[in-house]
Structures are given as structure tokens and as C-alpha cells.
Peer 1: 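Here you go, one structure.
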Amino acid sequence: QVQLVESGGGSVQAGRSLRLSCSGSGYYTRFDCMGWFRQVPGKEREGVAAIYMALGSAEYGTAYYANSVKGRATITQDNTKNAVYLDLDSLKPDDTAIYSCVANTDGCYWLLPQYKFWGHGTQVTVSS
């Protein structure tokens, strides 16, 4: 069984930064791809960022970002720890959402919600 555990959420003021962390554990020892989605109640889930983690792949290190966070977000990974991090800068109230970590062991869905593994999510609240 695979578990993804997020941390780093909380309440911050607009304009500040925060880092979300996600660590995976379980049967699969390596993920091909990890990323972040976010959702606000009543709205569609949005892919925020994803990064390719498979060593030796031509796509290793490739990252994709949603237009809504491009230029403000940086996703990084540590594939020795099955971990992914999301740094969000210049936070806006519109960034308020539950952020969920995702992972896949066979390829990458980038910002599409077809990932096999999902974390429970961590709340991020940005006040103006």
C-alpha cells in the first residue's frame, strides 16, 4: 500500500511564501512522477505542478505548472526519498485551497487528474 503524506500547509498573509512537502512510502519504492493538485469546495480540482522523477529518463527533472501559478511556484523533488516539494511565492487569496500530493509509478499525467496515488491533502489559507 502506498501512502502520500503532505505537510506545510497553514494560514499565511497575501504576498508571503510557503513550502509544501510530500513524502511517499509503501510498496512501490520509486515514483515516475509526483505533483500537486488543489481544490476549493464547489470548484473543479486544478493541477498545480508536476515533475518527472524517473532517473535515466530523458524527461527527468521536467516540470509543468498551471498558468495560475507560473512564475510563482517551484516544484522540486528528491527521488531518494520519494519526496516532492512545492514552493509558492507571492501568495494570493485565490491560492486558498486544499493541496493534495499525487504520484504515479508508470509515467506522468502532468496536470491531469489520472494519478494513481493521492494524499489526503493539506489546507492552505491566504488572507488579504
Peer 1: Using the side chain to side chain contact (heavy atoms under 4.5 Å, CB included) criterion, which residues pair with Ala73? Sequence neighbours excluded.
Peer 2: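 Side chain to side chain contact (heavy atoms under 4.5 Å, CB included) list for Ala73, sorted by chain: Tyr65, Val69, Leu86, Leu88.
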Peer 1: Can a donor-acceptor pair be found, under 3.5 Å and without considering hydrogens, that links the side chain of Gln39 to the backbone of Ile98?
Peer 2: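 Between the backbone of Ile98 and the side chain of Gln39 there is no qualifying donor-acceptor contact (under 3.5 Å).
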Peer 1: How about Arg16: does its CZ atom have over 12 heavy atoms from other parts shown lying under 6.0 Å from it?
Peer 2: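 Check fails, neighbour count at 12 or below.
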Peer 1: Quick one: does Ser21's side chain have a donor or acceptor within less than 3.5 Å of a partner on Tyr85's backbone?
Peer 2: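 Flag not set: sc Ser21 to bb Tyr85 has no pair under 3.5 Å.
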Peer 1: So how far is it from Asn104 CG to Trp118 CH2, rounded to the nearest 0.5 Å?
Peer 2: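 Output value for this atom pair is 10.5 Å.
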Peer 1: So how far is it from Thr76 OG1 to Asp87 CG, rounded to the nearest 0.5 Å?
Peer 2: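 Output value for this atom pair is 6.0 Å.
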Peer 1: Do Arg72 and Asp89 sit within salt-bridge range, that is, some charged N less than 4.0 Å from a carboxylate O?
Peer 2: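 Salt bridge absent between Arg72 and Asp89.
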Peer 1: Determine, using the 4.5 Å side-chain heavy-atom cutoff (strictly less than), whether Met53 and Trp36 are members of one ILVMFWY cluster.
Peer 2: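 Yes; Trp36 is reachable from Met53 via cluster members.
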Peer 1: Measuring only between side-chain heavy atoms, which start at C-beta, is Val102 closer than 4.5 Å to Met34?
Peer 2: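 A side-chain contact is absent here, since even the closest heavy-atom pair is not under 4.5 Å.
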Peer 1: Under the salt bridge (charged side-chain N to carboxylate O under 4.0 Å, His left out) test, which residues partner Asp94, sequence neighbours left out?
Peer 2: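 For Asp94, no residue satisfies salt bridge (charged side-chain N to carboxylate O under 4.0 Å, His left out) once neighbours in sequence are set aside.
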Peer 1: Are any non-hydrogen side-chain atoms of Ile75 and Val84 less than 4.5 angstrom apart?
Peer 2: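 Heavy-atom side-chain distance check passes, below 4.5 Å.
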Peer 1: Are Cys108 and Tyr115 close enough that some pair of their side-chain heavy atoms sits under 4.5 Å apart?
Peer 2: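 Yes. Closest side-chain heavy atoms under 4.5 Å.
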Peer 1: Pairs in or reaching into residues 37-57: which pass salt bridge (charged side-chain N to carboxylate O under 4.0 Å, His left out), with residues at least two apart or in two chains?
Peer 2: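 Residue pairs with at least one partner in residues 37-57: Arg38-Glu46, Arg38-Asp95.
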